[in-house]
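Take a look at the structure set out below.
Reminder, nothing fancy here: chain letters follow the sequence lines and each chain counts from 1.
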Amino acid sequence: MIAKIVRFFGDEEHAKRRRKLLYAILLVVVAADFLVPREHGDFFWDDLPGWGAFYGFISCGLIVYVSKFLGHQGGLMVDEDHYD
Amino acid sequence: MIEWVHPGLLFIFGAFLITLLKGRARQAFLLLVPVLAIFAVASMSPGDYGNVTFTGRDLVFGHVDKLSIVFAWVFTIMSLIGMVYAFHVKEPGEHVAAFLYVGGSLGVVFAGDYFTLFMFWESMAFSSAYLVFARNRPRSVRAGYRYLLVHVTGGVFLMAGIVLNYLHTGSFVFGAVDPDSTGYYLIMTGFILNAAVPPLNAWLTDAYPEATVTGAVFMCAFTTKTAVYVLVRGFPGAEILIWLGVFMALYGVVYAVMENDARRLLAYHIVSQVGYMVAGVGIGTELALNGSTSHAFSHIIYKALLFMGAGAVIYMTGRSKLTELGGIYRTMPVTVCLYMIGAFAISAFPLFSGFVSKSMVIAAASGDNLATATLLLTMASSGTFLHTGLKLPYYMFFGKDSGLRPKEPPLNMLIAMGMAAFLCIAIGVYPAPLYDLLPYAVDFEPYTSAHVTVSLGILMFTLLGFVWFLKDLDPENTISLDTDWFYRKGAKAFMWLARGPVASYEAVVAELANTVVLRSLFATARRGLWADINIVDAIVNGVASTIMGWGSTLRKMQTGTLTHYAVAMAAGIVISILVFSLRAM
């Protein structure tokens, strides 16, 4: 059972079904965020439905590209024998 | 009936017994002590115990309140999980070090005064360094020395702060530090060094990945969280900690993108997660301090689970670089599942432990109207899932097939991971028992429908970003420069200076000394000898004969009767007491 679930996420043959599942989940998550009741929040974005999805995606992109930029252009990533 | 048993002393005395026992008896003992310690914590009630007077100071070994009890709970539970994970290790030294390390952490948690705190604080540094040395590779030994040197330096800061604080307050009692005290920032520096706050973070990410597989599991739990404990007690509401915490939450995330070593990536996420706790201390409200405490509790369990998962892979494959791993999900599915439970917990998925603790800190920031802190801490949550929940498992277990087909790790390792996984889910599903342990009454409901959907939005769209940006996330065969660069390169420069310019300078000076200086010295010495014989000796002989004269006069004053001496001594004592008491007035 465990092995089956893990294989679903690993094996190449399930790639298409994984993709479909992901988009279905994303749709449900955004739809749910529009439907749930909201109390008035501390900040303006707390009242915007879909904020989590938007901010999560932006954060992910920023983290990946800013870090890689710092690593490559900022000179933080160096050869493994740097200290030898 | 014994009133109070110090769980830390159980470990410290237990450490000495480990070497005397062998085989099954030793293994049973390794589990027995943590179980006894858990019972000791369970039967504890608030109060001050174990007061000892030492060189005129009151040492408090057992200052017990809700804050110390909740940390003692998680430390003792973690010690049991760690011992199950290390159950197969034959070498007694590692177990002794782990016991002393756990004992030291518990010693700090119950310390009521700075002396006791400092003693256990330093013992933690030395015992944990052994867990790095025990890996027995040249890299580990070097990392171990760096680790030790940094901690000893931190200890000096702490000691200086304690002394200055004593001069200010006249007390060694450990509590909230007075911001007007000159020792304030020195004590804080000592504490935040152990919390791995950048730029004082590099000891952690340098040494933890070089420790033994089982040792790293202990290390990731105790040092930083003991530091969080002392910060909660000593510096609640210190505003600078909010920004240091937010900075470190993102700092760890940025470095995790660049990292190729599995356990070093996880180590950077310790920095990131402890950032939430440090920020919570800085915010300083009851909700924030509860958040820091509960997040430390969940963090210890899920981070240990992640280290155990990565450790299991290293143990079975001998590899730790993501570029050399991949495709092993086929033969290690149980490890994958258990690891992923830890990954969901650290990422704060609903129904996992991180969700009920991390959100407290963010809610506290939001409630205090700290918009920037709230946004940046939320951004770091996305990074947490991106790395520990997606990048690391993807490249370690899935991804490009490395051709390796390792078996599942030994049963004891899987059981330990299972225990931690159980707690990650149990706390997430039913947080009430954890909330009851927190230092302040909890008025916080994590499971509101909007909180669940917003969190899922952040997490699932991070997943979408991961899928879309995957090509740009590939790990590379590099290491990342961190603040350890300064002392690693600094030490090299120092050695170059010592071997090069200083050594040649020394040679020149020696040559000069042999030729010019020594000759003139001989001449001076000869003149000195003449002066010594003819002048100094004459003076000394004169002084001596004078003193001998005084001596014979004194001898005449001695009566040889004991009572006379006794009277003289008594008179001396009375005079001394009078003089001192007059001065005291």
Side-chain angles (χ1 to χ4, degrees), chain A residues 1-7 9-11 18-19 22-23 25-26 28-39 41-68 70-72 74-84, chain B residues 142 250 253-258 260 327 329-330 332-334 336-337 340 363 366-367 369 371 374-375 378-383 385-387 397-398 448-450 452-469 472-473 476-482 485 488-489 492:
Chain A
M1 156 81 169
I2 286 176
K4 243 186 184 171
I5 296 172
V6 173
R7 276 188 174 270
F9 288 101
D11 289 350
R18 281 202 300 267
R19 207 41 86 99
L22 170 64
Y23 290 125
I25 291 174
L26 293 178
V28 171
V29 165
V30 176
D33 203 31
F34 274 87
L35 294 177
V36 293
R38 282 191 147 68
E39 286 171 32
D42 294 314
F43 305 112
F44 73 87
W45 59 76
D46 291 329
D47 304 332
L48 300 175
W51 163 256
F54 169 77
Y55 191 63
F57 186 78
I58 296 290
S59 298
C60 175
L62 268 177
I63 288 166
V64 172
Y65 291 106
V66 170
S67 312
K68 284 279 183 180
L70 287 173
H72 290 293
L76 290 179
M77 284 163 85
V78 294
D79 279 344
E80 286 179 320
D81 55 2
H82 180 79
Y83 289 113
D84 298 334
Chain B
R142 285 198 293 269
L250 284 168
V253 165
V254 165
Y255 270 88
V257 177
M258 301 189 267
N260 186 28
Y329 70 93
R330 297 176 181 86
M332 295 182 89
V334 179
V336 174
C337 268
M340 285 313 293
S366 173
N369 252 323
T374 309
L375 279 178
T378 311
M379 178 178 279
S381 312
S382 156
F385 179 47
L386 176 63
H387 300 120
F397 296 118
F398 301 99
T448 63
S449 46
V452 171
T453 56
V454 170
S455 304
L456 283 175
I458 291 169
L459 293 168
M460 295 319 290
F461 278 79
T462 300
L463 172 58
L464 178 68
F466 173 76
V467 172
W468 283 3
F469 309 141
D472 294 316
L473 253 180
E476 298 168 59
N477 242 330
T478 56
I479 56 170
S480 312
L481 297 183
D482 201 337
W485 183 86
R488 291 173 81 166
K489 286 290 180 190
K492 278 220 167 99

For the residue pair [X] and [Y], establish whether any side-chain heavy-atom pair is separated by less than 4.5 Å.
X        : Y        : result
B/Asp472 : A/Lys68  : no
B/Leu481 : A/Tyr83  : yes
A/Cys60  : B/Phe461 : no
B/Met460 : A/Val28  : no
A/Phe9   : B/Tyr329 : no
A/Ile63  : B/His387 : yes
A/Val6   : B/Phe397 : no

Heavy-atom pair of closest approach, residues [X] and [Y]:
X        : Y        : result
A/Tyr55  : B/Leu375 : OH-O, 2.6 Å
A/Val64  : B/Val257 : O-CG1, 4.1 Å
B/Ile479 : A/Asp79  : CG1-O, 3.4 Å

Looking at [atom1] of [X] and [atom2] of [Y], how far apart are the two atoms once the value is rounded to the nearest 0.5 Å?
X        : Y        : atom1 : atom2 : value
A/Tyr23  : B/Leu464 : OH    : CG    : 5.5 Å
B/Ser449 : A/Glu39  : OG    : CD    : 9.0 Å
A/Tyr65  : B/Leu473 : OH    : CG    : 7.5 Å

